[in-house]
Amino acid sequence: QVQLVESGGGLVQTGGSLRLSCAASGGTFRSFTMGWFRQAPGKERELVAAISWGGSSTYYAESVKGRFTISRDNAKNTVFLQMNNLKPEDTAVYYCAKHVRILRWIGLPTHLTDFGSWGPGTQVTVSA
């Protein structure tokens with residue numbers, strides 16, 4: 001069973017940047033779509049970005065298009081989320097997760113149950 005651990009969160013001013021990392025261990029990583037989700041206080045967890053197992057396909061929520069970039073390094077079992085031009089509305093706990101089915105891309109809308117092996121999350125706070 002793969003274990004995921006996020007890092008790279010923190011406090012940043014509006015317009016700033018952060019790079020989140022998600023390290024996978026203990027299982028197969030390279031054959032699965034990976035996703036970054038976020039959950040703000042009082043709101044549902046939402047998919048922010050996803051990347052296919054080989055990295056050839058990506059998905060971004062409308063709210064982050066043009067500002068966030070997802071990437072992965074299968075040799076290092078790591079997926080990244082580069083976040084630029086951050087806004088206060090990006091404040092949330094960010095989670096990475098692995099698709100539950102091998103070699104399967106996301107469906108739209110994406111259901112949280114399509115993903116598993118959730119990491120503990122990393123807090124991102126954007127000050128106005």
Side-chain angles (χ1 to χ4, degrees):
Q1 180 75 6
V2 67
Q3 293 183 325
L4 303 174
V5 178
E6 304 91 342
S7 62
L11 174 64
V12 65
Q13 291 183 334
T14 296
S17 298
L18 286 172
R19 189 191 195 206
L20 305 184
S21 298
C22 171
S25 62
T28 303
F29 172 81
R30 64 182 64 232
S31 298
F32 291 87
T33 288
M34 297 295 295
W36 280 101
F37 294 76
R38 68 185 180 188
Q39 187 166 19
K43 294 188 177 181
E44 294 185 352
R45 192 170 299 190
E46 62 173 348
L47 177 64
V48 173
I51 187 167
S52 60
W53 50 95
S56 61
S57 297
T58 56
Y59 163 85
Y60 296 96
E62 284 296 325
S63 58
V64 306
K65 276 185 180 178
R67 301 188 297 122
F68 290 12
T69 302
I70 189 171
S71 61
R72 66 190 296 162
D73 184 341
N74 284 342
K76 297 183 178 179
N77 288 350
T78 305
V79 62
F80 305 97
L81 187 68
Q82 177 67 42
M83 306 186 296
N84 297 329
N85 191 21
L86 283 160
K87 305 175 181 180
E89 50 263 44
D90 295 319
T91 295
V93 179
Y94 283 71
Y95 302 88
C96 69
K98 181 176 72 72
H99 202 288
V100 297
R101 295 176 180 84
I102 192 170
L103 301 178
R104 184 69 64 90
W105 184 228
I106 60 171
L108 294 175
T110 294
H111 302 287
L112 293 181
T113 52
D114 291 338
F115 284 82
S117 303
W118 295 89
T122 186
Q123 177 71 46
V124 172
T125 303
V126 185
S127 62

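From a predicted model like this one, the values you see are computed outputs, not experimental measurements.
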Are the side chains of Q123 and T125 in contact, using a 4.5 Å heavy-atom criterion?
yes

Under a 4.5 Å cut-off applied to non-hydrogen side-chain atoms, are V126 and E89 in contact?
no

Nearest heavy-atom neighbours spanning S21 and W36
O-CH2, 3.6 Å

Counting only heavy atoms not in E46, do more than 12 sit closer than 6.0 Å to its CD atom?
yes

Between G116 and V100 the two heavy atoms that sit nearest each other are N-CG1, 3.7 Å

Find out if a path of hydrophobic residues (ILVMFWY) with successive side-chain heavy-atom gaps under 4.5 Å connects I51 to V2.
yes

Salt bridge or not for R38 and D90, using N-O below 4.0 Å?
yes

Between Q82 and R19, is there a donor-acceptor pair closer than 3.5 Å when you use the side chain of the first and the backbone of the second?
no

Do the side chains of D114 and R101 get nearer than 4.5 Å, heavy atoms only?
yes

Find out whether M83 and V12 are in side-chain contact, i.e. whether some heavy atom of one side chain is under 4.5 Å from a heavy atom of the other.
no

Taking all atoms of both residues into account, what is the closest heavy-atom pair of L4 and P120, and its distance?
O-CD, 3.4 Å

Drop me the distance from S71's OG to L81's CG, to the nearest 0.5 angstrom.
8.5 Å

Using only atom types and a distance under 3.5 Å, with no angle test, would you say the side chain of T122 pairs donor to acceptor with the backbone of Y94?
no

From CG (N84) to OG (S17), nearest 0.5 Å
3.5 Å

Once rounded to the nearest 0.5 Å, what's the spacing between atom CD of Q13 and atom OG of S127?
5.0 Å

Would M34 end up clustered with V64 when hydrophobic side chains under 4.5 Å apart are linked, directly or stepwise?
yes

For the residue pair W118 and Y95, categorise the inter-ring angle as parallel (less than 30°), tilted (30 to 60°) or perpendicular (more than 60°).
perpendicular

Co-membership, hydrophobic cluster, residues L18 and Y60, 4.5 Å side-chain:
yes

Do you know which two heavy atoms are closest between T33 and R104, and how far apart they sit?
OG1-O, 2.9 Å

When L20 is tested against each of V79, V124, V48, I70 for side chain to side chain contact (heavy atoms under 4.5 Å, CB included), which residue passes?
V124

Write down the atom of A61, the atom of L47, and the distance for their closest heavy-atom approach.
CB-O, 3.6 Å

Please tell me whether W105 and F37 are part of a single hydrophobic cluster in this structure, the criterion being side-chain heavy atoms less than 4.5 Å apart.
yes

Could you point out which residue of F29, F32, F115 forms a ring-ring contact (aromatic ring centres under 6.0 Å, His included) with H99?
F115

Tell me yes or no: between the side chains of S117 and Q1, is some donor less than 3.5 Å from an acceptor?
yes

Under 4.5 Å between any side-chain heavy atoms of N77 and S25, yes or no?
no

Identify the heavy atoms of A92 and Q39 that sit nearest to each other, and give their distance.
CB-O, 3.4 Å

Examine distances only and state if a side-chain atom of R72 and a backbone atom of S52 form a donor-acceptor pair shorter than 3.5 Å.
yes

